[in-house]
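To start, the structure under review is shown below, and the notes come after it.
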2 protein chains.
Amino acid sequence: MIRVLLADDENLVRSAFAALLGLEDDLEVVAQASSGAEALAMARAHTPDVAVLDLQMPDRDGISVAGELTTLLPGCGLVIVTGHGRPGHLKRALEAGVRGFLPKTVSAAVLSDVVRTVHRGGRYVDPELAAEAISAGDSPLTPREADVLELAAGGAPVEEIAVRAHLSPGTVRNHLSAASAKLGAPNRHAAVDTARRHGWI
Amino acid sequence: MIRVLLADDENLVRSAFAALLGLEDDLEVVAQASSGAEALAMARAHTPDVAVLDLQMPDRDGISVAGELTTLLPGCGLVIVTGHGRPGHLKRALEAGVRGFLPKTVSAAVLSDVVRTVHRGGRYVDPELAAEAISAGDSPLTPREADVLELAAGGAPVEEIAVRAHLSPGTVRNHLSAASAKLGAPNRHAAVDTARRHGWI
DNA sequence: CACCACCCATGACACGTGTCACCGCCCGTC
DNA sequence: GACGGGCGGTGACACGTGTCATGGGTGGTG
């Protein structure tokens with residue numbers, strides 16, 4: 001019997017996944033969590049064999065939860081499930097020790113199979129996502145450029161970004177200009193869009 | 001026995017919902033679709049009692065599908081399920097004849113209850129969403145302003161928006177300026193953000 | 001050590017943008 | 001018919017932004 005921990009902030013989806021996994025004879029959902037913090041607490045309490053984590057959760061990223069779980073429960077298999085799979089996320093997830101990564105668009109049979117595969121010590125990455133990740137490659141942005149671009153995401157004027165990043169407005173514009181150029185975007189707003197699509201911010 | 005149609009582009013979620021509803025004795029999932037067009041075709045073929053539609057689908061909005069279904073199958077109950085519930089969507093959905101509207105954050109028991117309620121001719125709207133919708137009110141934007149703002153969403157320069165909307169650049173700027181003022185935003189990018197959050201575009 | 005990449009900053013210029021005043025057109029309402 | 005509101009357009013001005021050249025500081029690498 002494989003003991004599974006489920007974490008997803010959307011209660012309806014999480015319960016539905018539980019129902020789906022419950023149909024399998026060799027799987028048992030032993031704990032559920034609706035946030036990253038709760039997931040860690042549940043993991044400590046129930047020591048599951050495999051943790052299935054949603055990428056987007058209100059308090060913290062599923063990937064950061066995964067990173068902590070690798071040290072907390074080294075034997076626990078980690079699977080990330082996500083709505084919109086961005087290449088950058090996949091890379092970060094694998095670095096965090098995640099061994100299963102799949103978008104919610106895959107068919108139902110895949111999920112339970114992946115849980116079994118990961119439990120056996122194997123890996124599974126959605127082929128389409130893997131292809132995208134390889135073609136997209138690493139982020140061309142320097143850490144500071146990514147920071148500034150992140151702050152520019154809400155459509156804030158340069159002056160405000162400068163204050164929030166403790167930089168001079170001129171430097172902010174330089175970083176944004178460099179980022180836009182690297183991303184082939186005509187302006188920072190399109191650059192934000194591109195960076196988001198690739199999971200670089 | 002209540003015959004249910006399920007439509008959601010995320011196969012995993014849709015199958016999971018099917019498993020969840022399948023646990024109920026009085027519910028039967030008779031058809032599934034992964035796009036708006038497919039949902040309509042399935043509805044024609046299976047004439048379900050209740051249709052459960054995801055708000056976001058690749059080809060078309062769940063609300064527009066609902067609007068078409070009201071004329072196609074007047075007796076069919078309509079339920080919209082959504083990840084991020086925006087007030088504007090709720091209003092548009094109700095106008096389209098939808099009688100159930102709930103975010104994916106609700107607990108599992110709610111979904112099957114709502115299906116039953118809607119089948120009986122009743123209504124269900126998530127209380128939190130309803131409160132937001134009332135406080136948010138109607139869109140202050142004129143149709144044209146909403147159009148132009150929509151085109152500005154990708155971060156495109158004014159010149160490009162003008163071409164795509166068949167307008168002069170000056171007019172585009174006037175519309176954007178008016179929209180930003182109405183939304184209390186310092187620039188169009190923040191205005192896009194605000195309008196999106198309210199479901200006005 | 002020299003070199004290079006990154007970081008922060010300044011100043012200057014050209015261009016995109018936000019704002020305003022003002023124009024005409026159409027359409028529905030009082 | 002007068003009025004008001006949405007729509008499309010023009011022109012002008014101020015400001016925000018994108019871009020470039022330039023320079024200084026840091027830390028790691030050959």
Side-chain angles (χ1 to χ4, degrees), chain A residues 88 91-92 95 136-201, chain B residues 88 91-92 95 136-201:
Chain A
K91 187 178 160 53
R92 295 215 318 265
E95 283 165 359
D138 276 15
S139 168
L141 303 176
T142 67
R144 212 64 180 135
E145 284 164 3
D147 284 352
V148 174
L149 201 56
E150 175 95 56
L151 288 171
V158 170
E159 192 59 47
E160 189 184 322
I161 302 173
V163 172
R164 297 214 286 169
H166 307 292
L167 290 175
S168 101
T171 304
V172 170
R173 292 195 296 179
N174 284 340
H175 281 311
L176 289 175
S177 182
S180 299
K182 284 177 180 176
L183 271 55
N187 57 50
R188 62 187 152 132
H189 306 288
V192 165
D193 218 61
T194 308
R196 263 207 219 289
R197 268 206 314 282
H198 287 71
W200 290 334
I201 61 169
Chain B
K91 188 177 158 57
R92 295 213 320 265
E95 283 165 359
D138 276 16
S139 168
L141 304 176
T142 67
R144 213 64 182 135
E145 284 164 3
D147 284 352
V148 174
L149 201 56
E150 175 95 56
L151 288 171
V158 170
E159 192 59 48
E160 190 184 322
I161 302 173
V163 173
R164 296 214 287 168
H166 306 291
L167 290 176
S168 101
T171 304
V172 170
R173 292 197 295 180
N174 284 341
H175 281 310
L176 289 176
S177 182
S180 298
K182 284 177 181 176
L183 269 54
N187 57 52
R188 61 186 152 136
H189 305 290
V192 165
D193 218 60
T194 308
R196 264 207 218 290
R197 268 206 315 282
H198 287 71
W200 290 334
I201 60 169

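Chain A is the first sequence line, chain B the second, and so forth, proteins listed ahead of strands; every chain is numbered from 1.
- With rounding to whole Å, B:I161 atom CD1 is found 12 Å from C:dG16 atom C1'.
- Rounded to whole Å, atom C1' of C:dG16 lies 13 Å from atom CG of B:L176.
- Protein atom CG of A:L141 is 11 Å distant from nucleotide atom P of C:dC6, rounded to whole Å.
- The side chain of A:S168 places an N or O atom within less than 4.0 Å of a non-bridging phosphate oxygen (OP1 or OP2) of C:dT10.
- By the 4.0 Å N-to-carboxylate-O rule, A:D147 lies close enough to A:R144 to be salt-bridged with it.
- Residue A:L167 contributes atom CG, which lies 17 Å from atom P of C:dC6 at whole-angstrom precision.
- Put simply, CZ on A:R173 and CD on A:E159 are 10.0 Å apart, with the number rounded to the nearest 0.5 Å.
- Closest to the side chain of A:R188, from the set D:dT17, D:dG6, D:dG8, is D:dT17.
- For D:dC7, the OP1/OP2 oxygens have a side-chain nitrogen or oxygen of B:T142 closer than 4.0 Å.
- A donor and an acceptor atom sit less than 3.5 Å apart, one in the side chain of B:N174 and one in the base of D:dT10.
- Put simply, A:T171 has a side-chain N or O that comes within less than 4.0 Å of OP1 or OP2 on C:dA9.
- Residue-to-nucleotide proximity on DNA chain D shows that, of A:R173 and B:H175, the 5′-proximal contact is made by B:H175.
- If you check the side chains of A:S168 and A:T171, you find a donor sitting under 3.5 Å from an acceptor.
- Atom CD of B:E145 is separated from atom P of D:dG5 by 14 Å (rounded to the nearest Å).
- Rounding to whole angstrom units, NE2 of residue B:H166 and P of D:dG9 are separated by 11 Å.
- Distance NZ (A:K182) to P (C:dA5): 11 Å, rounded to an integer number of Å.
- The main-chain N or O of A:T194 is found under 3.5 Å from a side-chain atom of A:H198 such that the two form a donor-acceptor pair.
- Residue A:L149 holds its CG atom at 9.5 Å from CZ of A:R188, rounded to the nearest 0.5 Å.
- Rounded to whole angstrom, the span from the CD atom of B:E159 across to the C1' atom of D:dT17 amounts to 17 Å.
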